[in-house]
Amino acid sequence: IVETKSFSYRDFYEVRKVDNHLHQSAAMSAKMLVDFIGEKYKTDADKEVYFDKQKNEHLTLYQIFQECNVSPTSINVDALDMQAGHDTYQRFDRFNNKYNPFNKNLLREVFLKTDNLV
């Protein structure tokens, strides 16, 4: 602190770059997301959680799992497939695909987007 005070002209505003690009969908671990998805399926499978604009109808969590061909008994961290590997670096398209649980964009819309009905 004494050293910092000796340079009175240096402060926070002289920082060259502050990276505030955050992914709130990455705020939980894969295990936490698997547990959350499993719990929601157990307790709210018949709840309407998504509005399909093309079909103009609400879908329940059960219907979404059926449409995505995901079995509630096969929900685990490996099947979730959201761990980044060496092939995701310097490839933004592959990096973004890792935010699709079970490689299904519809499940990202339901569980990771802010404007969902969950």
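The first residue of the sequence shown is numbered 1, and numbering continues consecutively from there.
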Taking distance alone, no hydrogens or angles, what donor-acceptor pairs closer than 3.5 Å link side-chain atoms of residues 34-43 to residues at least two apart or in another chain?
residue, atom, partner, partner atom, Å
Asp35, OD1, Lys31, NZ, 3.2
Lys40, NZ, Asp44, OD2, 3.3
Thr43, OG1, Glu39, O, 2.9

Can you tell me how far apart [atom1] ([X]) and [atom2] ([Y]) are? Round to the nearest 0.5 Å.
X: Asn69; Y: Lys104; atom1: CG; atom2: NZ; answer: 6.5 Å
X: Thr60; Y: Lys47; atom1: OG1; atom2: NZ; answer: 12.0 Å
X: Phe111; Y: Phe102; atom1: CZ; atom2: CZ; answer: 8.5 Å
X: Leu61; Y: Tyr50; atom1: CG; atom2: OH; answer: 13.5 Å

Mind checking side-chain hydrogen bond (donor to acceptor under 3.5 Å, both in side chains) for Asp52 and listing every partner two or more places apart, or none if nothing turns up?
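Here no residue qualifies.
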
Test of understanding: with side-chain hydrogen bond (donor to acceptor under 3.5 Å, both in side chains), list the residues that count as partners of Glu109, not counting sequence neighbours.
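Not a single residue meets the side-chain hydrogen bond (donor to acceptor under 3.5 Å, both in side chains) criterion with Glu109.
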
For the residue pair Pro101 and Leu107, what are the closest heavy atoms and their distance?
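Heavy-atom minimum between the residues: O-CD1, 3.8 Å.
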
Sequence neighbours excluded - salt bridge (Lys or Arg N to Asp or Glu O under 4.0 Å) pairs with any residue from residues 54-64:
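Qualifying pairs, neighbours excluded: Lys55-Glu67.
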
Mind checking ring pair (Phe, Tyr, Trp, His ring centres under 6.0 Å) for Tyr62 and listing every partner two or more places apart, or none if nothing turns up?
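Partners of Tyr62 by the ring pair (Phe, Tyr, Trp, His ring centres under 6.0 Å) criterion come out as none, since no residue qualifies.
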
How about Phe51 and Asn56: do any of their side-chain heavy atoms sit closer than 4.5 Å?
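Yes. Closest side-chain heavy atoms under 4.5 Å.
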
Please tabulate, for side-chain N and O atoms in residues 71-80, each donor-acceptor pair with protein atoms closer than 3.5 Å (sequence neighbours left out).
residue, atom, partner, partner atom, Å
Ser71, OG, Thr73, N, 3.3
Ser71, OG, Thr73, OG1, 2.8
Ser74, OG, Ser71, O, 2.8
Asn76, OD1, Asp78, N, 3.0
Asn76, OD1, Ala79, N, 2.7

